[in-house]
2 protein chains.
Amino acid sequence: MTSAPNVQPLSFEDLPGAVKALRERGMRLSTSRRLVLEALFAANGPVSAEQLAEQRGLELTSVYRNLETLERHGLVRHVHFGHGPGLYVLVGHGEHEYLFCDRCGTARAVEPDELDPVRAQIKSRFGHEARFAHFAIVGTCAECARARDNS
Amino acid sequence: MTSAPNVQPLSFEDLPGAVKALRERGMRLSTSRRLVLEALFAANGPVSAEQLAEQRGLELTSVYRNLETLERHGLVRHVHFGHGPGLYVLVGHGEHEYLFCDRCGTARAVEPDELDPVRAQIKSRFGHEARFAHFAIVGTCAECARARDNS
DNA sequence: ATACTTGCAAATGATTTGCCAGTGT
DNA sequence: ACACTGGCAAATCATTTGCAAGTAT
């Protein structure tokens, strides 16, 4: 049940880099695929397929198909913050995991190793190897917690 | 953005208890509502609306409506383990949170306080108050990790 | 009696699929 | 050329909603 056959590790931080990675995996660079990538680079965080589509005037179906392909080849992934559509991000270099506040709707990206101690704790207590890449860690952020406590 | 106005704390562990809690909240006990509750008690873990419907020969719509009502009044909640439908559980007495293994599909329920240290760690590192009630902690269980490592 | 519930059909939101025409390599 | 892509319509899955008829209190 392991995922796609991603042989070579990928790392890119700009469009040319992503195009190169994409080429190495035998994917073509069509106009809409390029536009999806551009929109993902332009975004400052996870975005929905619908946002990508309307930002670049693309067909929603085509955006979904491109995201699926990019995801299958490991250039993109998606995260859930709650109900509502999944949000897509470039994998690029360095995975991000998210702390999502369902009071103010803010998502804070954290570097993967910042959560390693948390994973280690869960692993040692339960034997379970937790991953927070697909579901954000939902809760109340520091600001909202403070606001709530001063009320 | 705080949820429902649940004045009195509720605690029940059998059907009569749930019916009492339900009555206290002014809800009626219709046939399908009782059947939904029975099915939830019979289930040994989170179940989908569809499972509940077919197990008791209920109209799916009615199951969803009852679950929504029960959830709004705090007797039921739902959890997501990945893609696919949300799964419903009785709130009863003692919340459970889940460690879900996406290799073997097993969900392990853990008592709320078992995750308190994890929550504390996240709180102290990020100021974020994490809740794992809505999204399970997804990853690889001990058995699957062992199997993977011995390969 | 009155408000809450159900059944059934239809709508919704997110995502996927079929099919044929178009295009990247 | 040939396989990969796009457009558009239609299907799918999970869930919600409208409305008239039924029922719990």
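Per chain, numbering begins at 1; letters A, B, ... match sequence-line order. Remember, it's a predicted structure, so these values are computed and weren't measured experimentally. What you see below is based on every heavy atom in this structure, not just the backbone, and it leaves out hydrogens, waters and symmetry mates.
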Polar atoms only, N or O, under 3.5 Å: list the protein pairs with nucleotides 9-14 of chain D and their distances.
none

Spacing of [X] atom [atom1] relative to [N] atom [atom2], expressed in whole Å:
{"X": "B:Arg28", "N": "D:dA24", "atom1": "CZ", "atom2": "C1'", "value": "5 Å"}
{"X": "A:Gln51", "N": "C:dG13", "atom1": "CD", "atom2": "P", "value": "16 Å"}
{"X": "B:Leu35", "N": "C:dG7", "atom1": "CG", "atom2": "P", "value": "10 Å"}
{"X": "B:Arg34", "N": "D:dA24", "atom1": "CZ", "atom2": "P", "value": "10 Å"}
{"X": "B:Arg72", "N": "C:dC4", "atom1": "CZ", "atom2": "C1'", "value": "11 Å"}
{"X": "A:Leu67", "N": "D:dT5", "atom1": "CG", "atom2": "P", "value": "14 Å"}
{"X": "B:His78", "N": "D:dT16", "atom1": "NE2", "atom2": "C1'", "value": "14 Å"}
{"X": "A:Glu54", "N": "C:dG13", "atom1": "CD", "atom2": "P", "value": "14 Å"}

*Qualifying residue, where the test is ring-ring contact (aromatic ring centres under 6.0 Å, His included) with B:His78 and the options are B:Tyr64, B:Tyr88, B:Tyr98*: B:Tyr88
*asked:* Looking at A:Glu114 and A:Glu111, would you say the former's side chain and the latter's main chain have a donor-acceptor pair under 3.5 Å?
replied: yes
*Would one find more than 12 heavy atoms of other residues, nucleotides or ligands at under 6.0 Å from atom CD of A:Glu50?*
no
*Given A:Arg77 and A:Glu71, is the salt bridge (charged side-chain N to carboxylate O under 4.0 Å, His left out) satisfied, shown in steps?*
CA-CA 5 Å; A:Arg77 67 194 177 80; A:Glu71 192 156 25; over 6 Å; no
_If you assign A:Asn66 and B:Arg23 each to the DNA chain D nucleotide with the nearest heavy atom, which residue ends up on the more 5' nucleotide?_
A:Asn66
_On DNA chain D, compare the nucleotides closest to B:Met27 and B:Glu68; which residue's is nearer the 5' end?_
B:Glu68
*Could you check A:Asp116 against A:Arg119 for salt bridge (charged side-chain N to carboxylate O under 4.0 Å, His left out), going step by step and ending with a plain yes or no?*
CA-CA 5 Å; A:Asp116 283 348; A:Arg119 264 185 284 275; 3.1 Å; yes
*asked:* It should be established whether A:Ser30 places a side-chain nitrogen or oxygen under 4.0 Å from OP1 or OP2 of nucleotide C:dG24.
replied: no
_Does C:dT5 have OP1 or OP2 under 4.0 Å away from a side-chain N or O of B:Arg33?_
yes
*asked:* Which heavy atom of B:Cys141 sits nearest to which heavy atom of A:His128, and what is that distance?
replied: CA-CD2, 3.9 Å
*Which heavy-atom pair separates B:Thr140 from B:Cys101 by the least distance, and what is that distance?*
CA-SG, 3.9 Å
_Taking the ring of A:His80 and the ring of B:His80, is the distance between their centroids below 6.0 Å?_
no
*How would you label the contact of B:Leu60 with the nucleic acid (heavy atoms, under 4.0 Å): base, sugar-phosphate, or nothing?*
base
*For DNA chain D, what string of dots and brackets results from 5' to 3' when Watson-Crick and G-U pairs need both distances under 3.5 Å, crossing pairs get [ ], and pairs with another strand get |?*
||||||||||.|||.||||||||||
*Give, for atom CZ of B:Phe126 and atom CZ of A:Arg108, the distance between the pair rounded to the nearest 0.5 Å.*
6.0 Å
